[in-house]
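For ligands, and for the atoms within them, numbers begin at 1 and follow the listed sequence.
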Amino acid sequence: MGYKVVVVGATGNVGREMLNILAERQFPVDKIAALASRKSLGTEVSFGDTTLKTKDLDTFDFTGWDMALFAVGSGPTKEYAPKAAAAGCVVIDNSSLYRYDPDVPLIVPEVNPQAVHGYAKKNIIANPNCSTAQMVVALKPLHDRATIKRVVVSTYQSVSGAGKDGMDELWEQTKAVYNPTADVPAKKFTKEIAFNVIPHIDVFMDDGSTKEEWKMVAETKKIIDPKIKVTATCVRVPVFVGHSEAVNIETEEFLDEDEARDILREAPGIMVIDKRENGGYVTPKECVGDFATFISRIRQDSTIENGLNLWCVSDNLRKGAALNAVQIAELLGRECLKKG
Ligand SMILES: NC(=O)c1ccc[n+]([C@@H]2O[C@H](COP(=O)([O-])OP(=O)(O)OC[C@H]3O[C@@H](n4cnc5c(N)ncnc54)[C@H](OP(=O)(O)O)[C@@H]3O)[C@@H](O)[C@H]2O)c1
């Protein structure tokens with residue numbers, strides 16, 4: 001007795017991880033379909049010990065399916081998610097299309113699981129941006145204890161956040177550095193990403209910030225508390241998988257660094273690795289394939305009255321996308337949908 005589940009974008013970075021995580025967490029699946037674009041028709045993808053042949057999203061009928069985990073861009077989502085939802089299949093969407101829609105819950109299960117009951121308005125639930133997801137997991141328990149007033153965050157985001165083409169571009173440009181006859185111009189990114197960092201993710205907004213930065217502001221407010229002020233600088237770095245964030249937090253009440261460390265140790269979804277010695281912190285390479293959001297470098301910021309600094313690292317394809325979507329599916333199953 002399980003659910004009939006569709007993974008949309010099954011050949012992509014996030015879709016493949018969704019299939020892996022559904023299998024790893026033994027999500028109760030009665031039937032599963034893997035969809036992508038027509039050009040990938042018949043492409044094989046793994047689901048646990050079995051292999052699925054990819055079907056064409058364009059001709060797929062969602063009638064009779066319980067949930068669809070979407071991991072395609074906003075364009076195809078706009079066309080196909082309403083069709084799936086209208087057919088009675090609950091959409092859990094990874095694109096940014098529905099995140100700010102008041103009739104669509106935006107959920108990180110460790111933070112605002114109660115929002116799941118709002119799914120029925122449109123039969124759609126949104127998954128946040130990868131950088132927001134890991135940050136709010138860390139902020140929520142500190143907010144509950146000391147009320148966060150303001151957050152200043154700088155991100156160090158891996159190229160997998162820009163899809164499989166982003167990973168290919170870093171790989172090809174890195175190899176080309178050692179081959180003087182090769183030239184791999186920037187295509188997915190705005191400047192060369194190999195051996196470089198780029199302070200620009202998504203489009204520019206009127207105020208000079210980027211859309212990625214705006215997403216962190218708007219999504220933190222929607223998920224935790226509209227009163228929290230957030231200012232972000234989002235940077236692409238030449239790392240394949242794993243986003244890192246330097247987070248400065250100002251609270252209403254004083255929160256001692258040791259108490260903050262204890263609170264985070266107890267919080268769901270978090271692993272604290274915080275030794276003040278060489279290597280006593282987590283880097284993105286070590287978090288790949290893990291479920292947790294790792295917190296290191298917890299320390300007082302003595303330049304303000306009630307300030308803390310911390311370092312937050314997570315696998316962006318997992319907590320930042322596929323894991324969070326599967327956790328939402330688990331939550332939806334537990335709270336709202338009948339099996340079988
Ligand atoms: N990567 C992250 O860290 C992350 C985090 C949060 C959210 N997201 C969001 O998740 C979504 C997927 O990201 P990704 O990184 O997995 O991208 P990706 O690696 O580029 O994969 C894109 C997937 O979408 C499919 N697709 C594209 N256009 C399609 C169409 N017209 N019809 C059917 N399928 C289509 C592709 O199928 P083909 O192989 O057939 O082209 C592929 O399976 C995006 O909305 C992204 O913003 C990503």
Side-chain angles (χ1 to χ4, degrees), residues 6-21 33-46 52-60 62 68-81 83-84 91-99 106-108 124-136 155-171 187-189 201-203 211-212 215-216 219 234 236-237 239-245 284 287-289 293 313-328:
V6 189
V7 173
V8 186
T11 53
N13 276 346
V14 175
R16 284 178 192 271
E17 278 299 322
M18 283 172 167
L19 289 165
N20 290 338
I21 293 171
L35 312 185
S37 73
R38 186 162 304 153
K39 79 172 162 53
S40 301
L41 188 70
T43 299
E44 294 190 339
V45 289
S46 299
L52 307 173
K53 280 202 179 2
T54 308
K55 295 179 179 158
D56 179 8
L57 168 62
D58 193 41
T59 54
F60 189 78
F62 286 91
L69 278 58
F70 268 64
V72 290
S74 294
T77 303
K78 194 171 184 177
E79 186 173 353
Y80 298 101
K83 289 184 185 166
V91 171
I92 299 171
D93 179 34
N94 270 269
S95 81
S96 58
L97 189 67
Y98 292 104
R99 289 180 193 156
L106 176 65
I107 299 179
V108 174
I124 298 174
I125 298 172
N127 210 45
N129 178 260
C130 37
S131 302
T132 310
Q134 67 184 66
M135 184 173 79
V136 295
T155 70
Y156 306 74
Q157 297 181 221
S158 68
V159 293
S160 58
K164 51 192 177 184
D165 293 347
M167 296 180 86
D168 290 346
E169 191 155 311
L170 173 58
W171 179 239
K187 205 162 136 201
K188 187 74 191 175
F189 302 111
I201 301 179
D202 210 332
V203 296
K211 185 93 184 275
E212 186 80 354
K215 286 175 196 167
M216 292 192 77
E219 294 175 20
C234 292
R236 188 73 71 191
V237 297
V239 167
F240 281 108
V241 179
H243 286 2
S244 308
E245 299 172 344
C287 76
V288 176
T293 293
V313 181
S314 196
D315 181 331
N316 55 294
L317 299 178
R318 293 202 153 211
K319 188 58 201 168
L323 170 64
N324 199 68
V326 173
Q327 287 177 300
I328 292 172

Query raised in the report: Is there a donor in the side chain of Asn316 and an acceptor in the side chain of Gln157, or the other way round, less than 3.5 Å apart?
Result: no
Query raised in the report: Looking at Phe189 and Glu169, what are the two nearest heavy atoms and their distance?
Result: N-OE2, 3.3 Å
Query raised in the report: Checking Asp93 side chain against Ala126 main chain: does a donor-acceptor pair fall under 3.5 Å?
Result: no
Check ligand 1 against the protein and report each N/O to N/O distance under 3.5 Å, formatted as atom name, atom name, distance.
| unit_1 | atom_1 | unit_2 | atom_2 | d |
| --- | --- | --- | --- | --- |
| ligand 1 | 1 (N) | Ser160 | O | 3.0 |
| ligand 1 | 3 (O) | Asn316 | ND2 | 3.1 |
| ligand 1 | 16 (O) | Asn13 | N | 3.2 |
| ligand 1 | 16 (O) | Val14 | N | 2.9 |
| ligand 1 | 19 (O) | Asn13 | N | 2.9 |
| ligand 1 | 19 (O) | Lys164 | N | 3.0 |
| ligand 1 | 34 (N) | Ser37 | N | 3.2 |
| ligand 1 | 37 (O) | Thr11 | OG1 | 3.2 |
| ligand 1 | 39 (O) | Thr11 | OG1 | 2.6 |
| ligand 1 | 39 (O) | Ser40 | OG | 3.3 |
| ligand 1 | 39 (O) | Lys164 | NZ | 2.7 |
| ligand 1 | 40 (O) | Ser37 | N | 3.1 |
| ligand 1 | 40 (O) | Ser37 | OG | 2.6 |
| ligand 1 | 40 (O) | Ser40 | OG | 2.4 |
| ligand 1 | 41 (O) | Lys39 | NZ | 2.9 |
| ligand 1 | 43 (O) | Gly9 | O | 3.2 |
| ligand 1 | 43 (O) | Thr11 | N | 3.3 |
| ligand 1 | 43 (O) | Thr11 | OG1 | 2.7 |
| ligand 1 | 43 (O) | Gly12 | N | 3.1 |
| ligand 1 | 45 (O) | Val72 | O | 2.8 |

Query raised in the report: Looking only at heavy atoms, which two atoms of Met216 and Thr132 are closest? And how far apart?
Result: CA-OG1, 3.6 Å
Query raised in the report: Less than 4.5 Å apart, any side-chain heavy atom of Gln134 and any of Thr155?
Result: no
Report summary line: For Ser160 and Asn13 the tightest heavy-atom approach is O-ND2, 3.4 Å
